[in-house]
Amino acid sequence: MKKVTEETTKELITSDKIVVGEIIATEQHPDAEKLTVCMVNIGQEEPLQIVCGARNVAPSLKVPVALHGAKLPGGKKIKRGKLRGVVSNGMICAQDELGFERDIDGIWILNEAVEIGSPVPFKEIPQEEASE
């Protein structure tokens, strides 16, 4: 993973809609073999249910969570919805979905020392680059 330097830090943006979450439980989606239903603690009273397609989701991992209303780099907007009939209250993000180069297959696993609910820095990417 890229080392964050003072120069790269200047490019980073934060939002209260993209935060650190900890996966507290996972179960197989009842109607989709490749989806997992995750319960994620983002520091609120109740954990969020998020449906995820990545194979590397597991309890105890700290991950970036894009909440309902978040705008990801490149302009993608996150909304509460249903995936194959199961409610999903956001999205667990991979590195490239937050503007970084991907060096892991699946979701971005954060350092376990990061604080739950704290903003996850991301990079804005130009719209034309995002649509490729």
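Side chains included, hydrogens not; waters and symmetry mates left out as well; all remaining heavy atoms used.
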Under 3.5 Å, side chain of [X] to main-chain N/O of [Y], donor-acceptor pair present?
X     : Y      : value
His68 : Lys79  : no
Ser88 : Ile50  : no
Gln95 : Asp103 : yes
Asn41 : Glu22  : no
Asn89 : Gln49  : yes
Gln28 : Ala32  : yes

Is the shortest side-chain heavy-atom distance between [X] and [Y] below 4.5 Å?
X      : Y      : value
Pro47  : Val40  : no
Phe122 : Ile18  : yes
Ile13  : Lys123 : no
Thr26  : Val37  : no

(request) First locate atom OG1 of Thr36, then atom CD of Glu33, and finally report the distance between them rounded to the nearest 0.5 Å. (result)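 Nearest 0.5 Å value for the OG1-CD distance: 11.0 Å.
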
(request) Hey, could you give me the NZ/NZ distance between Lys17 and Lys71, rounded to the nearest 0.5 Å? (result)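 Lys17 atom NZ to Lys71 atom NZ measures 14.5 Å (nearest 0.5 Å).
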
[X]-[Y] co-clustered via ILVMFWY side chain contacts under 4.5 Å:
X      : Y     : value
Leu61  : Leu67 : yes
Ile42  : Val87 : no
Leu35  : Ile92 : no
Leu83  : Leu48 : no
Leu110 : Leu72 : yes

(request) Would you indicate whether Arg102, at its atom CZ, is surrounded by more than 12 heavy atoms from other residues, nucleotides or ligands within a distance under 6.0 Å? (result)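 It does: Arg102 CZ has more than 12 such atoms within range.
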
Which atom names give the shortest non-hydrogen contact between [X] and [Y], and what distance separates them?
X      : Y      : value
Lys62  : Ala113 : NZ-C, 4.5 Å
Ala54  : Gly106 : CB-CA, 4.1 Å
Cys38  : Cys52  : SG-CB, 4.2 Å
Asp105 : Arg55  : OD2-NH2, 3.1 Å

(message) Testing Ile78, Leu98, Val63, Val120 one by one against Cys93 for a side-chain contact (heavy atoms from CB on, under 4.5 Å), which residue passes?
(response)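 Among the candidates, only Leu98 passes.
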
(request) Check salt bridge (charged side-chain N to carboxylate O under 4.0 Å, His left out) between Asp16 and all other residues, then give those that pass, not counting sequence neighbours. (result)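 Partners of Asp16 by the salt bridge (charged side-chain N to carboxylate O under 4.0 Å, His left out) criterion come out as none, since no residue qualifies.
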
(request) Each residue besides Met39 in its hydrophobic cluster should be listed here, by chain and number; the cluster joins Ile, Leu, Val, Met, Phe, Trp and Tyr at side-chain heavy-atom distances under 4.5 Å. (result)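 When side chains under 4.5 Å apart are linked, the cluster holding Met39 also contains Ile24.
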
(request) For the pair Asn56 and Trp108, evaluate side-chain contact (heavy atoms from CB on, under 4.5 Å) and give the outcome as yes or no after the intermediate values. (result) CA-CA 9 Å; Asn56 65 334; Trp108 190 1; over 6 Å; no

